[in-house]
Amino acid sequence: MFRKLIAAGAALTLAGLAGQAHAASHNRDTFIREQDRNADGKVSKDEFSAGRAQEFARMDANHDGGLTREEYVEDFKTRLAAKLPTLPAERREEQRVREMRQVEVRFGILDSDKSGKITPPEFDHSGWMMFARHDTNKDGAVGADDPIPKDDD
Ligand SMILES: [Ca+2]
Ligand SMILES: [Ca+2]
Ligand SMILES: [Ca+2]
């Protein structure tokens with residue numbers, strides 16, 4: 001049990017670090033914290049849509065409307081480099097290796113047609129899947145009133 005709790009804690013830390021990882025968070029409260037741009041405690045569809053579009057544009061370094069593996073990974077690397085110093089020194093390298101491995105996996109998932117680029121529809125698809133997952137009461141917004149799915153941590 002204790003061991004399980006520690007594992008859950010580690011997973012949460014990881015989720016927190018991966019936070020702005022374009023895979024909108026699996027954790028409802030993290031999701032709200034990251035996507036609630038007008039700070040009313042809820043994420044509306046418009047808000048989410050605007051935030052995702054902005055995020056995509058930021059990552060699309062050469063502005064060609066697609067995210068290459070390099071653009072996607074470089075953007076993540078920059079943010080990871082800013083966050084790693086907040087971890088205990090002895091855990092940083094391990095965490096870095098793990099997160100870099102995960103970002104590669106995420107790219108492969110997001111690039112669903114394996115064209116080598118994440119297109120806006122692919123990016124949106126994954127985002128809306130996550131939005132729908134969190135909006136458990138199906139009122140079109142994600143808020144603290146949405147019961148957390150049973151399979152969540
Ligand atoms: Ca909001
Ligand atoms: Ca690009
Ligand atoms: Ca809702």
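In each ligand, atom 1 is the first atom listed, and ligand 1 is the first ligand listed.
Remark: the backbone N or O of D40 is paired with a side-chain donor or acceptor of D36 at under 3.5 angstrom. Looking at E47, its side chain does come within 3.5 Å of a backbone N or O of N38 through a donor-acceptor pair.
Residue contact annotation: M59 places no N/O/S atom under 3.0 Å from the Ca ion (ligand 2). D145 lies apart from the Ca ion (ligand 3) in this respect, since none of its N, O or S atoms is found at a distance under 3.0 Å. Put simply, N137 gets within reach of the Ca ion (ligand 3), with an N, O or S atom under 3.0 Å from it. Backbone or side-chain N, O or S atoms of G65 do not reach the Ca ion (ligand 2) at under 3.0 Å. Taking backbone and side-chain atoms together, N38 has an N/O/S atom less than 3.0 Å away from the Ca ion (ligand 1). Note on A141: counted as a metal contact of the Ca ion (ligand 3), an N/O/S atom lying under 3.0 Å.
Restricting D60 to its N, O or S atoms, the one at the least distance from the Ca ion (ligand 2) is OD1. The nearest N/O/S atom of D139 to the Ca ion (ligand 3) is OD1. Taking the Ca ion (ligand 2) as reference, D64 places its N/O/S atom OD1 nearest. Closest N/O/S atom of D40 to the Ca ion (ligand 1): OD1. Nearest N/O/S atom of D135 with respect to the Ca ion (ligand 3) is recorded as OD1.
Figure legend: R52 and F123 shown as a cation-pi pair, the cationic atom lying under 6.0 angstrom from the six-membered ring centre and within 45 degrees of its axis.
The ring of F31 has its center closer than 6.0 angstrom to the ring center of F48.
Remark: K45 does not engage D135 in a salt bridge, criterion side-chain N to carboxylate O under 4.0 Å.
D64 is linked by a salt bridge (charged side-chain N to carboxylate O under 4.0 Å, His left out) to K117, counting only residues two or more places apart in sequence or in another chain.
The minimum heavy-atom distance linking G66 with D60 is given by the pair O-OD1, 3.1 Å.
The Ca ion (ligand 1) forms the vertex of an angle spanning OE2 of E47 and OD1 of D36; to the nearest 10 degrees it equals 90°.
Under the 4.5 Å side-chain heavy-atom criterion for grouping Ile, Leu, Val, Met, Phe, Trp and Tyr, L67 is connected to M100 within one hydrophobic cluster.
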